[in-house]
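I have placed the structure first, in the form of structure tokens, so that the comments after it can refer back to it.
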Amino acid sequence: MPILPAPYSYHNHSTWSDGTRSIAEMAAAAAAAGLVEFGMSDHYVLIPHQPNNASEWSMPLDRLHDYVAEVQAAQREDIQVRLCLEADYFPETWRELPGRLAGIPFDCLIGSVHYANEFPIDGNAAFWTPLSQEQVDEVHRLYWTRIRELAECGLFDLVGHLDLPKKFGFYPKADLSREREAALDAIAAAGLAIELNTAGWDKPCAECYPAPDLLRAARRREIPVAISADSHAPGTVTAHFRRAAELLRGLGFAATVRFRQRERFAVPLELGGEIANPGF
Ligand SMILES: [Zn+2]
Ligand SMILES: [Zn+2]
């Protein structure tokens, strides 16, 4: 079995949203890669500015219970498959989420921001190219405001890919430290965890989400961190996990977190040795 420093991952996608393989195929890949817990977290997006709130990269909104059943049926002897969801925070639609998600035994609810108003932050670099620097600044500013609101809404367990607007390498020139700090303060006040999302290392920004200085700021606030690959294909279920663990250790983190039934548990961040399945 491969040696992994933090063999838990709660942010991954299947063909239920924008992933490339079935839940069963992703779970099999995760077991083969040495994970002991693997969360499926397909997108559930109530987009306010589209007819019927439908998004092309979300699961069909009326099929949530079929998705849940398929995740539950994917349990395996060699890995714990966790029931997660990546839901978008929008100020216009977040109040609909509790009713739609009620009664479903999620292990972890990931809250993400993929839009600044109607601007699709991580859709395509070509959307960013025509923006003026002021507009780039405004997308970043609005993003941090939405993250603060996401934390304040109290619905989620884990904040997805903090720092997403850097994805294509369009950075703000305005000083947004006030907005960033307000968002981190809200995350800490709400008792939320954040991800070290390794997918950013393979994007044009060539840096994990969030940047190390934001991880440092999170540590100062005692915000816990989970390592996630945000994988959309079997080959990336544990991408950069060792690098992520080493970065966290270098920043002074002694633990990561795992989730079960929306409870969070700290686990020591081991950088060596075989990890035995603790049979959690
Ligand atoms: Zn996302
Ligand atoms: Zn994702």
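Counting convention: from 1, in listed order, for ligands and their atoms alike. Below, all heavy atoms of this structure are taken into account, side chains as well, without hydrogens, waters or symmetry copies.
- Looking at Arg76, Arg258, Arg260 one by one, the single match for salt bridge (charged side-chain N to carboxylate O under 4.0 Å, His left out) with Glu37 turns out to be Arg258.
- In this structure, the side chains of Asp157 and Tyr10 stay at 4.5 Å or more apart for every pair of heavy atoms.
- The backbone N or O of Leu64 lies less than 3.5 Å from no partner atom in the side chain of Arg100, so there is not a single donor-acceptor pair.
- In summary, His43 places no N/O/S atom under 2.8 Å from the Zn ion (ligand 1), failing the contact criterion.
- Using modelled atom types and a 3.5 Å distance limit, the side chains of His13 and Glu86 yield a donor-acceptor pair.
- Around the Zn ion (ligand 2), the two atoms NE2 of His11 and NE2 of His13 are separated by an angle of 110°, to 10 degrees.
- Remark: at the Zn ion (ligand 2), atom OD1 from Asp230 and atom OE1 from Glu86 enclose 160°, rounded to the nearest 10 degrees.
- The Zn ion (ligand 1) has no N, O or S atom of Asp122 inside 2.8 Å of it.
- Coordination check, His161 versus the Zn ion (ligand 1): passed, since an N/O/S atom of the residue sits under 2.8 Å.
- For His232, every N, O or S atom stays at 2.8 Å or more from the Zn ion (ligand 2).
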Quiz item: Which is it for Ser228 and Asp230 under the side chain to side chain donor-acceptor pair (under 3.5 Å) test, yes or no, and what are the steps along the way?
Solution: CA-CA 6 Å; Ser228 308; Asp230 199 351; over 6 Å; no
